[in-house]
Amino acid sequence: MDPIILFFLLGLGAGLLRSELKLPAAVYDLISMLLLLSIGMKGGIELAKQPFSTLLPQMLAVMGMGMLMPLLAFPVLYYVGRFKRADAASIAAHYGSVSVATFAVAVAWFTSRNIEFEAHMPLLLAVLEIPAILVGILLARGISKDMRLGAVAHEVFLGKGIVLLIGGLLIGWIAGPENLAPIKPLFFDLFKGILALFLLEMGLITAAQFGSLRQYGLFLVAFGIGMPLCSSLIGTALGVWLGLSVGGTAMLATLAASASYIAVPAAMRISVPQANPTLSLAASLGVTFPFNVLVGIAVYYALAQWAHSLLGS
């Protein structure tokens with residue numbers, strides 16, 4: 001098993017056993033910033049190698065996928081799960097958006113197995129972060145005069161995660177690999193070690209959500225596993241349609257199957273304050289994140305291989 005997964009299991013076990021283990025908040029923030037910047041810069045370096053016009057159709061298609069997935073999740077949560085409208089919309093928005101941590105684990109998983117994928121995936125990651133938030137707000141509230149559009153736009157487009165990811169893309173795109181060489185040891189060479197520490201803390205945070213899962217029953221567990229599997233089918237189909245490689249298709253399926261627990265909670269807190277954030281985090285962080293990290297990424301890669309072999313591509 002990959003050592004970064006063992007770090008996650010260490011944190012999960014320590015949290016469930018109520019250990020005193022915990023990363024200082026400042027260290028966790030620093031690690032998160034390093035991960036986002038390094039992912040962005042890697043994508044920016046490769047982005048400079050190809051014209052932006054060729055990427056625009058893929059960006060628009062991914063945005064469409066990000067709008068579709070919460071629309072599929074909402075009726076299941078509202079009519080089958082019988083959640084309140086605000087809670088169903090909030091959870092749906094989480095599952096239409098994307099998890100940067102899951103993407104980082106997938107990058108490490110693919111790299112360790114020498115699986116190549118399109119280098120502009122960080123750009124698609126950033127694009128996929130936003131549409132579901134807007135759809136989730138509309139599902140919860142509709143369009144009304146008292147909607148705080150300025151606050152929502154500020155949280156969505158200028159949130160820390162988006163700023164660091166887009167900023168890293170621009171730095172990598174403008175500077176290029178030669179100018180980034182002096183900072184390569186910190187941002188590139190230590191990437192997997194930084195990710196291991198990040199997953200240690202994620203294991204601790206995940207363990208804290210298990211109480212909510214006991215409280216709200218098996219539906220969130222079933223949804224937290226079933227929704228990513230369904231979303232991965234959409235991501236796989238889109239990847240094949242866009243002509244991505246097997247690795248790129250698997251990565252897009254992984255992005256589709258992941259669920260946000262950073263950007264979306266912050267936006268929902270402002271726009272849909274009546275939604276219960278515990279429900280969303282219990283599903284996305286307590287179920288979907290560990291499922292994807294431990295099992296899902298391998299499943300999505302196998303699904304991409306099957307889809308490409310079926311079509312002979």
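This is a predicted model, so every value here is computed, not measured.
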Honestly curious: do [X] and [Y] fall in one hydrophobic cluster under the side-chain, below-4.5 Å linking rule?
X: Phe188; Y: Ile39; value: yes
X: Ile115; Y: Val107; value: yes
X: Leu200; Y: Val293; value: no
X: Ile174; Y: Phe187; value: yes
X: Val221; Y: Leu294; value: yes

Heavy-atom distance under 4.5 Å between the side chains of [X] and [Y], does that happen here?
X: Leu180; Y: Ile171; answer: yes
X: Val98; Y: Phe103; answer: no
X: Glu118; Y: Leu124; answer: no
X: Tyr79; Y: Pro75; answer: yes
X: Leu190; Y: Pro185; answer: no
X: Met41; Y: Leu169; answer: no
X: Tyr300; Y: Val295; answer: no

Item to check | Polar side chain donor-acceptor pair, Ser245 to Glu116, under 3.5 angstrom | outcome: no
Checklist entry - What orientation do Phe198 and Tyr28 show, parallel under 30°, tilted 30 to 60°, or perpendicular over 60°? => result parallel
At their closest point, which heavy atom of [X] faces which heavy atom of [Y], and how far apart are they?
X: Pro290; Y: Leu285; value: CD-O, 3.2 Å
X: Ser97; Y: Ala132; value: N-CB, 3.5 Å
X: Ser258; Y: Asn292; value: CA-ND2, 3.6 Å
X: Ser90; Y: Ala275; value: CB-CB, 3.8 Å
X: Leu204; Y: Ala14; value: CD2-CB, 4.0 Å
X: Ala253; Y: Thr236; value: CB-OG1, 3.4 Å

Between [atom1] on residue [X] and [atom2] on residue [Y], distance to nearest 0.5 Å:
X: Ile166; Y: Leu170; atom1: CD1; atom2: CG; result: 7.0 Å
X: Leu242; Y: Leu252; atom1: CG; atom2: CG; result: 7.0 Å
X: Ile91; Y: Tyr78; atom1: CD1; atom2: OH; result: 13.5 Å
X: Leu30; Y: Leu35; atom1: CG; atom2: CG; result: 9.5 Å
X: Leu244; Y: Met251; atom1: CG; atom2: CE; result: 11.0 Å
X: Ser38; Y: Ile183; atom1: OG; atom2: CD1; result: 10.0 Å

Residues two or more places apart in sequence or in another chain: which of them pass side chain to side chain donor-acceptor pair (under 3.5 Å) with [X]?
X: Gln209; answer: none
X: Asp87; answer: none
X: Asp29; answer: none
X: Thr206; answer: none

Are more than 12 heavy atoms, taken from residues, nucleotides or ligands other than [X], located less than 6.0 Å from that residue's [atom1] atom?
X: Trp109; atom1: CH2; value: yes
X: Phe7; atom1: CZ; value: no
X: Leu56; atom1: CG; value: yes
X: Lys22; atom1: NZ; value: no
X: Met63; atom1: CE; value: no

Tell me whether [X] contacts the main-chain N or O of [Y] through its side chain, where contact means a donor paired with an acceptor under 3.5 Å.
X: Thr288; Y: Gly224; value: yes
X: Ser19; Y: Gly15; value: no
X: Arg113; Y: Ala108; value: no

Item to check | Distance flag, aromatic centroids of Phe223 and Tyr95, threshold under 6.0 Å | outcome: yes
Next on the checklist: If you apply the rule side chain to side chain contact (heavy atoms under 4.5 Å, CB included), what do you find for Leu77 with Arg82, and how did you get there?
Outcome noted: CA-CA 6 Å; Leu77 293 160; Arg82 305 218 176 254; over 6 Å; no
Item to check | Qualifying residues under ring-ring contact (aromatic ring centres under 6.0 Å, His included), relative to Phe289, sequence neighbours excluded | outcome: Phe8, Tyr261
Checklist entry - Can Leu310 and Val240 be said to form a side chain to side chain contact (heavy atoms under 4.5 Å, CB included), step by step? => result CA-CA 11 Å; Leu310 184 66; Val240 172; over 6 Å; no
Next on the checklist: The criterion is salt bridge (charged side-chain N to carboxylate O under 4.0 Å, His left out); which residues satisfy it with Lys84, sequence neighbours excluded?
Outcome noted: none
